[in-house]
Amino acid sequence: MDNNKTIVWFRRDLRVDDNPALAAAASSGSVFPVYIWCPKEEGQFYPGRVSRWWLKQSLANLGKSLKTLGAELVLIKTNSTLAALLECINATGATKVVYNHLYDPVSLVRDHNVKEKLVELGISVQSYNGDLLYEPWDIYDERGNALVTFDAYWEKCLYMQKEPVSHLPPRRLVPAAGKVEKYSVEELGLEDELEKSSNALLGRAWSPGWSKAEKVFAEFVERHLLEYSKNRQKVGGNSTSLLSPYLHFGELSVRKVFQCARMKQILWAEAKNSEGEESVTLFLRAIGFREYSRYLCFNFPFTHERSLLSNLKYFPWNANQANFKAWRQGQTGYPLVDAGMRELWATGWIHNRIRVIVSSFAVKFLLLPWRWGMKYFWDTLLDADLESDILGWQYISGSLPDGHELERLDCPQIQGSKFDPEGEYVRQWLPELARMPTEWIHHPWDAPPTVLKAAGVELGLNYRNPIIDEDLARQRLTEAIFKMWEMEAAAMAGKNEIVVDNSENTDNLPIPKIILRDITPCPTYSSNDQRVPTINNSKNGPLSKKRPKHNEDERQQLNNLQDRTSEAGSTRREEQLCSTAESSAAKKQNTSRCSFSVPHSFSPMAGESLQEYESFELNQPQKDQIDMERS
Ligand SMILES: Cc1cc2nc3c(=O)[nH]c(=O)nc-3n(C[C@H](O)[C@H](O)[C@H](O)COP(=O)(O)OP(=O)(O)OC[C@H]3O[C@@H](n4cnc5c(N)ncnc54)[C@H](O)[C@@H]3O)c2cc1C
């Protein structure tokens with residue numbers, strides 16, 4: 001072992017097992033593990049109450065583990081991560097800083113800046129992949145372009161020649177001595193006094209920390225993985241792995257999860273257990289969505305603010321604060337939506353299916369800007385994860401080539417009878433509907449007065465009438481889409497003097513501030529090293545839009561519109577955009593930079609259907625859609 005002193009900068013890799021940065025530091029000398037809490041640098045993505053509660057427990061757990069191995073986790077609260085790192089370097093005489101990569105837009109910028117400054121000061125910096133099966137810059141198509149559909153991406157991952165490998169935890173750590181201003185986990189201020197009572201219940205349901213994560217995962221594999229394909233649709237109860245908060249904070253190595261699930265798959269395949277095989281395929285697809293969320297953020301680092309597809313640039317959002325409040329508080333008059341929002345409010349957790357339903361409602365029924373919903377989820381979810389949150393909201397809002405179509409509007413009443421057939425979920429979260437018979441539970445507004453009376457429901461008094469009628473919502477959505485097309489067509493035809501490009505006003509609408517407390521009861525460039533996205537590259541913009549599917553009534557109108565826009569359309573097809581993957585891949589291949597062009601399958605004129613995560617049509621599965629629930 002050399003006598004190097006290394007600062008191990010922990011972030012969202014709060015584990016000792018399969019932690020490449022920690023392993024590398026431990027094998028080369030003494031270590032100084034540090035976690036730096038810098039609220040100022042989190043900006044608008046300062047973590048919400050429940051997420052901070054989780055972080056606090058998780059840091060305590062990691063601290064104990066590191067102590068057992070021989071080194072103390074130093075906690076620092078600061079206004080500048082760079083200053084804190086420099087303080088650690090000065091105090092210890094360390095010559096190197098190591099950390100594992102993050103890919104969300106906030107960390108990408110911060111890490112790049114910190115690294116640049118440290119390198120300028122002559123400090124060696126080495127970063128590693130601690131969060132993904134494969135780095136985003138290792139997956140691209142044969143032309144070096146970023147992949148923009150999940151299936152294409154996941155297929156590439158599954159058939160990569162090099163299998164992901166994992167590291168064992170270090171046997172022991174040699175501590176590097178150094179005196180810096182340390183904080184206790186309590187002093188970091190992750191949980192204030194007022195929040196403590198609201199957080200008390202969380203501890204009964206969840207056990208944060210890497211050592212717990214291993215147990216939760218082992219139990220899931222032994223007891224639930226086999227039936228994942230059958231159970232994952234159930235919206236109540238523990239039908240899925242519940243691993244997302246652990247994975248968000250890096251308490252569980254995704255490579256280990258992958259390897260363990262793959263082993264099960266091989267064993268079940270040998271035993272001709274098709275249910276088990278199918279379950280692992282779907283579970284791994286879910287892991288694949290998480291990977292893909294990082295891939296998209298890295299390659300298109302603007303996606304927390306703008307849609308991946310450029311169509312939504314002209315969408316006339318209805319930035320109505322009262323509707324936003326009603327949605328947040330579970331007061332929309334649609335029982336399944338309200339139940340989901342109340343569960344989220346009370347527990348910080350909702351099933352993936354419910355996430356799709358409530359988010360789709362906000363965007364399609366209320367025309368609320370998707371970024372408002374994304375931020376609210378970020379503030380309230382226990383597993384709040386910027387990349388997955390962005391992927392989820394872009395997926396439901398017509399922003400992805402293989403996500404939901406923009407004009408697709410799913411009726412919560414029908415979804416209720418499909419996903420909560422007995423109404424148990426609604427009754428659990430909406431006590432005011434507890435006595436409603438199952439027949440009417442998902443559409444109480446249709447129930448005969450005698451039924452309502454017997455159930456103690458007074459519409460408009462103790463449960464509200466629907467905030468918007470479904471037919472009206474459909475009509476408004478269609479109008480909004482036509483308006484969007486018109487504005488886009490006019491902009492394309494060069495009539496900018498009469499059309500306002502509202503992307504600044506809509507995509508970048510200020511997100512309302514919500515007080516959640518009130519609502520809760522030497523430079524190294526190895527192959528491991530972090531690539532940097534071309535954040536300031538103005539060409540690195542959204543992809544051109546996909547053409548939504550349309551019904552017969554709308555076809556004529558659409559044809560007229562298409563005639564008017566055909567000229568603009570051909571220009572659009574030729575539109576070329578750069579992605580970061582393309583640039584990294586291009587660098588890697590040592591070729592000159594070539595631009596990213598939208599494949600023909602996404603071209604509006606190609607008329608091809610695209611894949612999406614989910615299909616609500618039980619009898620007519622839409623084969624060409626990605627299924628978030630299949631995952
Ligand atoms: C609008 C919207 C917002 C979302 N916001 C978040 C978020 O902030 N944080 C978050 O972790 N997930 C988010 N998701 C994805 C998904 O709902 C959760 O990951 C999942 O419900 C977590 O439950 P689980 O761990 O039991 O999942 P399982 O079904 O057991 O899946 C295993 C793991 O795969 C990953 N995963 C599964 N589905 C997805 C997905 N669609 N996208 C990305 N990763 C996935 C998660 O890490 C999950 O822990 C969002 C989905 C939508 C539709």
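Numbering of ligands and ligand atoms starts at 1, following listing order. These numbers come from the heavy atoms of this one structure, side chains and all, not from hydrogens, waters or symmetry mates.
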Open item on the list: Out of Ala286, Gly403, Ser397, Ala362, who is nearest to atom 37 (C) of ligand 1 when you count heavy atoms only?
Closed with: Ala286

- [ ] Flag Ser244 as yes when one of its N or O atoms lies below 3.5 Å from any N or O atom of ligand 1, and as no otherwise.
- [x] yes

TODO: Please check if any side-chain donor atom of Tyr334 sits under 3.5 Å from a side-chain acceptor atom of Glu470, or the reverse.
DONE: no

Open item on the list: Whether the Ser229 and Glu275 side chains hold a donor-acceptor pair (N or O, under 3.5 Å, no angle test) is what I'd like checked.
Closed with: no

Open item on the list: Any atom of ligand 1 sitting under 4.0 Å from a heavy atom of Trp349?
Closed with: yes

- [ ] Give a yes/no verdict on whether any heavy atom in Ala384 is under 4.0 Å from an atom of ligand 1.
- [x] yes

- [ ] Would you mind listing which atoms of ligand 1 come within a distance below 4.0 Å of any non-hydrogen atom of Leu247?
- [x] 47 (O), 49 (O)

Open item on the list: Counting the benzene-type ring for Trp, do Trp206 and Trp53 have ring centres under 6.0 Å apart?
Closed with: no

Can I get a per-line list of side-chain donor-acceptor pairs under 3.5 Å for residues 38-47, giving both atom names and the distance, sequence neighbours left out?
{"unit_1": "Glu41", "atom_1": "OE1", "unit_2": "Thr81", "atom_2": "OG1", "d": "2.5"}
{"unit_1": "Glu41", "atom_1": "OE2", "unit_2": "Thr81", "atom_2": "N", "d": "2.9"}

Open item on the list: Taking a cutoff of less than 4.0 Å between a non-hydrogen atom of the residue and any ligand atom, is Ile396 in contact with ligand 1?
Closed with: no

Task: Check: Asp379 side chain, Gly48 main-chain N or O, donor-acceptor pair, under 3.5 Å - done: no

Task: Atom indices of ligand 1 within 4.0 angstrom of Ser359 heavy atoms, with elements - done: 1 (C)

TODO: For Tyr292 and ligand 1, answer yes if some heavy atom of the residue is under 4.0 Å from a ligand atom, otherwise no.
DONE: no

Task: Qualifying residues under side-chain contact (heavy atoms from CB on, under 4.5 Å), relative to Lys212, sequence neighbours excluded - done: Asn61, Ser207, Tyr246

- [ ] Could you list the atoms of ligand 1 found under 4.0 angstrom from a heavy atom of Phe283?
- [x] 30 (O), 32 (C)

Task: Tyr228 touching ligand 1 at heavy-atom level, < 4.0 angstrom - done: yes

Task: Pair Ser58-Glu251, side-chain donor/acceptor within less than 3.5 Å - done: yes

Open item on the list: List ligand 1 atoms under 4.0 Å from Ile287, heavy atoms only on the residue side.
Closed with: 33 (C), 34 (O)

Task: Six-ring centre of Trp393, Arg355 cation under 6.0 angstrom, axis tolerance 45° - done: no

TODO: Check whether any N or O atom of Gly392, backbone or side chain, sits under 3.5 Å from an N or O atom of ligand 1, and answer yes or no.
DONE: no

Open item on the list: List ligand 1 atoms under 4.0 Å from Phe377, heavy atoms only on the residue side.
Closed with: 1 (C), 2 (C), 3 (C)

Open item on the list: When you measure from the side chain of Ser399 to the backbone of Leu308, do you find a donor-acceptor pair of N or O atoms at a distance under 3.5 Å?
Closed with: no

Open item on the list: I need the atoms of ligand 1 closer than 4.0 Å to a non-hydrogen atom of Leu381, numbered in the order shown.
Closed with: 5 (N), 7 (C), 8 (O)

Task: Within-cut-off N or O pair, His351 and ligand 1, under 3.5 Å - done: no

Task: Geometric N/O contact Trp393 with ligand 1, under 3.5 angstrom - done: no

TODO: Give a yes or no answer on whether the side chain of Asn129 reaches the backbone of Asp131 with a donor-acceptor pair at less than 3.5 Å.
DONE: yes

